Protein chains: 2
Amino acid sequence: MTQEAIINAGLKCFASYGYSHTSLANIADEVGIKKPSLYNHFNSKNDIFLSVLASVGDREIDYLSSLEATAEQQSIEKRLHQLYKRYIQHLSESMEGLFFKRVTFFPPEEFAQDIRQMFTKVESKMNELLCPIMEQGKKDKALRSLPTETLTSAYYTLIDGLFLEENFYDRDVFEKRQQASWEIFWLGIQYPAREE
Amino acid sequence: MTQEAIINAGLKCFASYGYSHTSLANIADEVGIKKPSLYNHFNSKNDIFLSVLASVGDREIDYLSSLEATAEQQSIEKRLHQLYKRYIQHLSESMEGLFFKRVTFFPPEEFAQDIRQMFTKVESKMNELLCPIMEQGKKDKALRSLPTETLTSAYYTLIDGLFLEENFYDRDVFEKRQQASWEIFWLGIQYPAREE
DNA sequence: CCTACCGATCGGTAGG
DNA sequence: CCTACCGATCGGTAGG
């Protein structure tokens with residue numbers, strides 16, 4: 001369907017160039033039609049963007065759901081680390097991740113509210129994955145008995161930092177940052193505290 | 001001097017709207033002159049941007065130098081935490097910090113190299129502040145004996161994460177993130193490891 | 001430092 | 001789904 005093709009083309013363009021740097025001609029080219037033909041499927045550039053945003057939100061929720069089943073029987077460390085690595089990889093390699101970055105960091109003002117709403121939905125899905133692991137870890141005496149919010153807040157800041165750095169540093173510097181950050185984080189939350 | 005006024009106006013506009021969303025008319029308005037008059041001082045929009053970039057680089061180096069003297073006699077924890085809090089506050093409250101964010105995260109492609117070069121200069125100045133503290137901390141047995149690069153990498157990821165979050169979350173969520181992240185980071189690097 | 005104007009590009013429309 | 005065109009805005013120039 002052409003409408004779907006336009007949404008995918010829009011995702012690619014908005015993720016690559018940002019909202020204002022994407023012209024309707026760019027999107028039309030990507031689809032293989034002419035600019036005015038877009039108006040058979042959408043009422044405005046604005047309209048296309050909001051459809052892409054909704055689509056990305058849905059896909060992210062689906063992606064997070066697909067991570068939910070992973071490895072219930074693993075150790076808390078492995079489960080947290082695996083979620084960390086997978087999610088970072090997803091954000092850095094998928095078109096949705098790039099779109100997310102473009103759009104959450106400096107949202108086009110007119111969409112700030114819609115973007116925030118989408119983001120909040122994805123974040124609370126992420127909480128559904130993360131909080132049970134943290135709570136299980138505390139119950140098992142594998143994590144320090146800190147408030148769950150403290151544990152998740154620090155975890156999110158880590159991911160956000162790497163999210164930003166992935167855009168800016170070479171692959172190898174990024175890899176070092178990722179490993180170092182995890183090492184310190186895990187030293188900080190694990191119980192009993194590792195000596196030496 | 002008008003040239004200086006243009007650089008400051010440019011800083012404000014580029015930081016607030018980004019490069020492409022800033023029109024020469026915006027900058028001229030901010031200075032209080034008409035658009036064509038800008039060309040008496042600069043050859044192009046490009047030229048104005050590069051001058052702003054160089055100016056911001058110089059100011060950031062100066063700012064970091066001003067932090068250098070702080071509190072040699074304090075504990076390692078206090079010195080690291082103070083640097084952390086001050087730098088985050090600076091990034092979140094100054095025009096230079098906002099410019100930095102706009103420009104490092106999604107650099108206008110044509111300036112990617114100049115921006116990277118400026119960033120590298122600021123980062124190595126930051127290393128001059130941070131590495132001695134980390135090394136002193138290890139010598140004093142106040143920090144775990146991890147590679148300095150591991151300690152600084154994790155520290156930078158923290159700052160980058162908060163840098164991003166400051167833009168997106170309310171003041172109070174941001175405050176929680178900042179405190180939680182520091183708490184876990186400090187638990188991770190301090191020596192001897194804190195039990196309980 | 002200004003007024004007046006240029007060519008290019010944008011989102012969007014008319015009309016078929 | 002197309003060709004042809006609109007008004008607005010942009011960076012930049014001419015000329016004084």
Side-chain angles (χ1 to χ4, degrees), chain A residues 1-56 98-99 102-103 106-115, chain B residues 1-56 98-99 102-103 106-115:
Chain A
M1 215 165 95
T2 307
Q3 196 166 35
E4 207 175 317
I6 294 172
I7 288 179
N8 284 323
L11 169 58
K12 185 171 170 183
C13 292
F14 292 137
S16 305
Y17 317 127
Y19 181 74
S20 67
H21 267 76
T22 295
S23 74
L24 293 179
N26 291 147
I27 296 175
D29 276 357
E30 186 70 29
V31 176
I33 57 177
K34 298 293 176 186
K35 184 181 66 164
S37 303
L38 296 171
Y39 286 85
N40 287 309
H41 305 279
F42 296 93
N43 295 320
S44 62
K45 185 181 180 184
N46 203 297
D47 189 16
I48 295 177
F49 182 81
L50 289 176
S51 296
V52 171
L53 183 68
S55 164
V56 168
L98 190 54
F99 179 85
R102 283 265 179 204
V103 125
F106 285 111
E109 211 170 325
E110 40 199 320
F111 305 116
Q113 208 164 349
D114 305 274
I115 290 168
Chain B
M1 217 164 92
T2 306
Q3 197 166 34
E4 208 174 317
I6 293 172
I7 289 179
N8 284 323
L11 170 58
K12 185 171 169 182
C13 292
F14 293 138
S16 304
Y17 316 126
Y19 180 73
S20 66
H21 268 76
T22 295
S23 73
L24 293 179
N26 292 147
I27 297 176
D29 277 357
E30 185 71 29
V31 177
I33 59 178
K34 296 294 174 187
K35 183 181 68 165
S37 303
L38 295 171
Y39 286 85
N40 286 310
H41 305 279
F42 296 93
N43 295 320
S44 63
K45 185 181 179 183
N46 202 299
D47 190 16
I48 296 177
F49 182 81
L50 289 175
S51 296
V52 171
L53 184 68
S55 165
V56 168
L98 189 54
F99 180 84
R102 284 265 180 203
V103 127
F106 285 111
E109 211 171 325
E110 42 199 318
F111 304 116
Q113 208 165 349
D114 305 273
I115 290 167

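Letters A, B, ... mirror the listed sequences (proteins, then strands); counts begin at 1. These figures come from a predicted structure and were not determined experimentally.
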What nucleic acid atoms does [X] come within less than 4.0 Å of, heavy atoms only: base, sugar-phosphate, or nothing?
X     : value
B/T22 : sugar-phosphate
B/S37 : base
A/H21 : nothing

Residue pairs involving residues 34-52 of chain A (criterion salt bridge (charged side-chain N to carboxylate O under 4.0 Å, His left out); sequence neighbours excluded)
none
Could you check which of [options] has an atom nearest any side-chain atom of [X]?
X     : options               : result
A/T2  : C/dC2, C/dT13, D/dC1  : D/dC1
A/P36 : D/dT13, C/dG11, D/dC2 : D/dC2
A/L24 : C/dG11, D/dG11, D/dC2 : C/dG11

Of A/K34 and B/N40, whose nearest nucleotide on DNA chain D comes first from the 5' end?
A/K34
Look at the rings of B/F111 and B/Y19 and say which category their plane angle falls in: under 30° parallel, 30 to 60° tilted, over 60° perpendicular.
perpendicular
For B/E110, is the CD atom crowded, meaning more than 12 foreign heavy atoms sit under 6.0 Å from it?
yes
My validator wants the stems of DNA chain D: runs of 3 or more consecutive Watson-Crick or G-U pairs, both distances under 3.5 Å, written as range with range.
C:1-16 with D:1-16
Quick check: B/F106 with A/F106 (ring centres under 6.0 Å apart)?
no
Which atoms form the tightest heavy-atom contact between A/A15 and A/F99, and what is the distance?
CB-N, 3.6 Å
Which heavy-atom pair separates A/I6 from A/V31 by the least distance, and what is that distance?
CA-CG2, 3.8 Å
Is there a donor and acceptor pair, one atom on the side chain of A/K35 and one on the base of C/dG12, closer than 3.5 Å?
yes
